[in-house]
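Each remark here refers to the structure printed beneath this line.
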Amino acid sequence: MVVDELAPDEADRLFHALADRTRRDIVVRVIERECSVSELARGYEMSFAAVQKHVAVLEKAGLVVKTRRGREALVGPDVDTIARGARLLRGYEDLWRGRVARMDALLDPPTD
């Protein structure tokens, strides 16, 4: 059984957010270094508003957090949520590996 620390709605938001290439890239960039939305926007061929919307989706999913520093809002990772998502995926991997092990055991000839 997968121990799901994420409520179903949280998992849906997390994986929906990560389904987009730009959002995955934003997560990587803010893990490397906190950035303002303006800094993030300079790295993409899209409007500031479009990048802002991507950040909002990531923030709603709990993957990033915004913190105020003076007049700037910096975007950084929410490592806790990222770790919870990774644990959920590892749980699915463990289920799969268990299934493969059971199939191997069924297919192995008995040793008498």
Side-chain angles (χ1 to χ4, degrees):
M1 179 102 181
V2 174
V3 177
D4 184 0
E5 295 183 26
L6 294 170
D9 289 346
E10 290 176 300
D12 290 347
R13 281 190 298 275
L14 183 134
F15 291 111
H16 167 75
L18 292 174
D20 182 87
R21 178 183 315 181
T22 299
R23 291 193 288 265
R24 289 191 307 272
D25 189 63
I26 289 170
V27 170
V28 169
R29 288 178 63 191
V30 301
I31 286 172
E32 292 171 348
R33 184 177 73 79
E34 284 186 331
C35 302
S36 68
V37 178
S38 298
E39 287 177 275
L40 289 169
R42 285 192 288 271
Y44 302 102
E45 292 186 12
M46 63 181 71
S47 69
F48 173 85
V51 173
Q52 202 168 26
K53 286 180 183 178
H54 281 301
V55 169
V57 170
L58 291 168
E59 193 173 22
K60 185 176 179 184
L63 290 163
V64 301
V65 291
K66 282 194 215 170
T67 54
R68 276 249 166 290
R69 291 228 182 104
R71 297 184 319 177
E72 270 190 325
L74 295 178
V75 181
D78 185 327
V79 179
D80 226 22
T81 301
I82 294 168
R84 290 167 66 211
R87 283 192 295 273
L88 176 62
L89 290 174
R90 276 193 300 278
Y92 290 142
E93 180 183 6
D94 291 346
L95 280 174
W96 177 250
R97 289 183 186 279
R99 180 178 176 193
V100 170
R102 287 190 304 278
M103 287 189 303
D104 284 346
L106 286 171
L107 296 173
D108 281 342
T111 52
D112 291 345

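Note: hydrogens, waters and symmetry copies are ignored here, and every other heavy atom, side chains too, is used.
- Annotation: side-chain contact (heavy atoms from CB on, under 4.5 Å) contacts of Ala56 (sequence neighbours excluded): none.
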field: Asp78 and Ile82: CA distance, side-chain angles, deciding distance, side-chain contact (heavy atoms from CB on, under 4.5 Å) verdict
entry: CA-CA 7 Å; Asp78 185 327; Ile82 294 168; 5.8 Å; no
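- Nearest heavy atoms, Leu63 versus Ala17: CD1-CB, 3.9 Å.
- Residue Val65 comes nearest to Pro77 through the heavy atom pair CG2-O, 4.1 Å, listed as atom of the first residue, atom of the second, then distance.
- Of all heavy-atom pairs spanning Leu40 and Arg29, the tightest one is O-NH1, 3.2 Å.
- Looking only at side-chain heavy atoms (C-beta outward), Thr67 and Glu34 come within less than 4.5 Å of each other.
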query: How far apart are the C-alpha atoms of Lys66 and Val55, what are their side-chain angles, what is the distance that settles it, and do they pass the side-chain contact (heavy atoms from CB on, under 4.5 Å) test?
result: CA-CA 9 Å; Lys66 282 194 215 170; Val55 169; 3.8 Å; yes
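- Between Gly85 and Phe15 the shortest heavy-atom distance is O-CZ, 4.4 Å.
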- prompt: Given Arg23 and His16, is the side-chain contact (heavy atoms from CB on, under 4.5 Å) satisfied, shown in steps?
  reply: CA-CA 10 Å; Arg23 291 193 288 265; His16 167 75; 3.9 Å; yes
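- Hydrophobic clustering (ILVMFWY, side-chain heavy atoms < 4.5 Å, transitive): Val27 and Leu74 are in distinct clusters.
- Atom CD of Glu59 and atom OG1 of Thr81 lie 11.5 Å apart (nearest 0.5 Å).
- Side chain of Arg13 to main chain of Gly62: no donor-acceptor pair is present (N/O by atom type, distance under 3.5 Å, no hydrogens or angles).
- Here the CZ-CZ distance, from Phe48 to Arg42, works out to 10.0 Å after rounding to the nearest 0.5 Å.
- Atom CG of Leu14 sits about 12.5 Å away from atom CG of Asp9, to the nearest 0.5 Å.
- Hydrophobic clustering keeps Val79 apart from Leu88 (ILVMFWY residues linked when any side-chain heavy atoms are closer than 4.5 Å, directly or through intermediates).
- The distance from atom NE2 of His54 to atom CD1 of Ile26, rounded to the nearest 0.5 Å, is 6.0 Å.
- At a threshold of 4.5 Å between side-chain heavy atoms, the hydrophobic network of Ile, Leu, Val, Met, Phe, Trp and Tyr places Val64 and Val57 in two separate groups.
- Glu39 contributes a side-chain N or O that, together with a main-chain N or O of Ser36, makes up a donor-acceptor pair within less than 3.5 Å.
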